[in-house]
Protein chains: 2
Amino acid sequence: MPPFIPENFLPYLLNQAAEQTSLAFSTVYRDRYNMLRTEWRVLFHLGHYGDMTASDIARLSKMHKTKISRAVKALEDKRFIAKRAASEDRRRDTLSLRPEGRRAFDDLCAIAARHNARLLAPFSPGERLILLDCLQRLSGLADSAPDSSRL
Amino acid sequence: MPPFIPENFLPYLLNQAAEQTSLAFSTVYRDRYNMLRTEWRVLFHLGHYGDMTASDIARLSKMHKTKISRAVKALEDKRFIAKRAASEDRRRDTLSLRPEGRRAFDDLCAIAARHNARLLAPFSPGERLILLDCLQRLSGLADSAPDSSRL
DNA sequence: TCTTGTTGGTTACAAATGAGACTTTATTCT
DNA sequence: AGAATAAAGTCTCATTTGTAACCAACAAGA
């Protein structure tokens, strides 16, 4: 086990890495679409996984529901997404991307993909595989991902 | 290069991993010492690297100076650290741990080390090496670490 | 010396967040 | 059916954070 120094303390290391890697991209969605990170995340979930309710997003992204509620309202105001009452349960609203939101999603995704590639570029393919795998296990994202349950 | 899906997007992945891994430990310093994360970080820097000024901590940790200023004040109120005017430059204050702060640091460090070991336990030694190395490179922490400049 | 610019640190105000109460609708149990 | 419980989502308030202005001390140049 490596020695306990700041450079080996995972919570600290992950936080720093997260901030460093998020910085450049956050200016993109902020400057281009005046979005906050939570809004970009909600947009991303809807664009990637398709229509879903706020609580679906909460389960997937592990964000608190109040954060999502606020992001949804902001995205509605921007005309990026639309709400419609979910078929049976009148408590739920199904969220979906409007054409304008789809365009923003496509645009941002292209930039995000490039950004991600640049971030991963310094690592060897083997390192990339291990890094991503470790992070997925640490993040607990695989636990609730919709795709993994369909295997 | 891996496909661009949420589970491979580093900023998102790192954020989720950071939140997951920080959660358990944040309750420790909060419940035991009523500290915020920024306070724990400042305490940690002083405990690990020795006396330094607020701007030293800012450079090392890449935290904004207002955050540090507030954390320093809170730690002073808790009697964990003390300020004294830095020798020459009367703008700077050298920060140092009081005995009480040292005790808290030792206590929290022991718990943090155990926590870190538990987080790293699921990975093989090879994975650990690569994970930590990748994260250090992504975090930019190595850039300004005082030890690396002494090599 | 007297400006001009820079740095360390604090303060003030606006914006974002978290925790929990609250409303409405669905579910379960008797 | 009626009461109790739970879930989806919103709202409110206290806490935390970010941005920028600010003050004091230093530094450099005319």
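A note on names: the letters A, B, ... follow the listed sequences, proteins ahead of strands, and every chain is numbered from 1.
Within the 4.5 Å cutoff, no side-chain heavy atoms of F80(B) are placed close to those of R98(B). P6(B) places a side-chain heavy atom less than 4.5 Å from the side chain of H48(A). Side-chain atoms of L60(B) and H45(B), non-hydrogen and from C-beta on, do get closer than 4.5 Å to each other. Using a 4.5 Å cut-off on side-chain heavy atoms (C-beta onward), R128(B) and P2(A) make contact.
Distance NE2 (H64(B)) to P (dT16(D)): 18 Å, rounded to an integer number of Å. Rounded to whole Å, atom C1' of dT17(D) lies 12 Å from atom NZ of K67(A).
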Nucleotide N/O to protein N/O under 3.5 Å, stretch nucleotides 6-13 of chain D:
residue, atom, partner, partner atom, Å
dA7(D), N3, R91(A), NH1, 2.9
dG9(D), OP1, D93(A), N, 3.1
dG9(D), OP2, S55(A), N, 2.7
dG9(D), OP2, S55(A), OG, 3.1
dG9(D), N7, K65(A), NZ, 2.7
dG9(D), O6, K65(A), NZ, 3.0
dT10(D), OP1, K83(A), NZ, 2.5
dT10(D), OP2, S69(A), OG, 2.7
dC11(D), OP2, K73(A), NZ, 3.2

Please list each protein N or O that sits under 3.5 Å from an N or O in nucleotides 2-5 of chain D, with the distance.
none

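In this structure, the side chain of T53(B) engages the main chain of D56(B) through a donor-acceptor pair within 3.5 Å. Judged purely by atom type and a 3.5 angstrom limit, N8(A) uses its side chain to pair as donor or acceptor with the backbone of P3(A). The backbone N or O of A86(B) sits nowhere less than 3.5 Å from a side-chain atom of D93(B) that would complete a donor-acceptor pair.
A salt bridge links K78(B) with E39(B); the closest basic N to acidic carboxylate O contact falls under 4.0 Å.
Contacts of R103(B) classified as salt bridge (charged side-chain N to carboxylate O under 4.0 Å, His left out), with partners at least two apart in sequence or in another chain: E100(B). Residues forming a side chain to side chain contact (heavy atoms under 4.5 Å, CB included) with E127(A) (at least two apart in sequence, or on another chain): F123(A), S124(A), I130(B), D133(B), C134(B), R137(B).
Scanning residues 31-39 of chain A for heavy-atom distances under 4.0 Å to DNA chain C yields L36(A).
Ring to ring, W40(B) and F25(B) are close: their centroids are under 6.0 angstrom apart.
Chain A approaches DNA chain C over the interval dA16(C) to dA26(C), counting the first and last nucleotide 5' to 3' with an atom under 4.0 Å from its heavy atoms.
Distance check, rounded to the nearest 0.5 Å: CG of L120(A) to NE2 of H115(A) gives 10.0 Å. Annotation: the span from L14(B) atom CG to T21(A) atom OG1 amounts to 4.5 Å, rounded to 0.5 Å.
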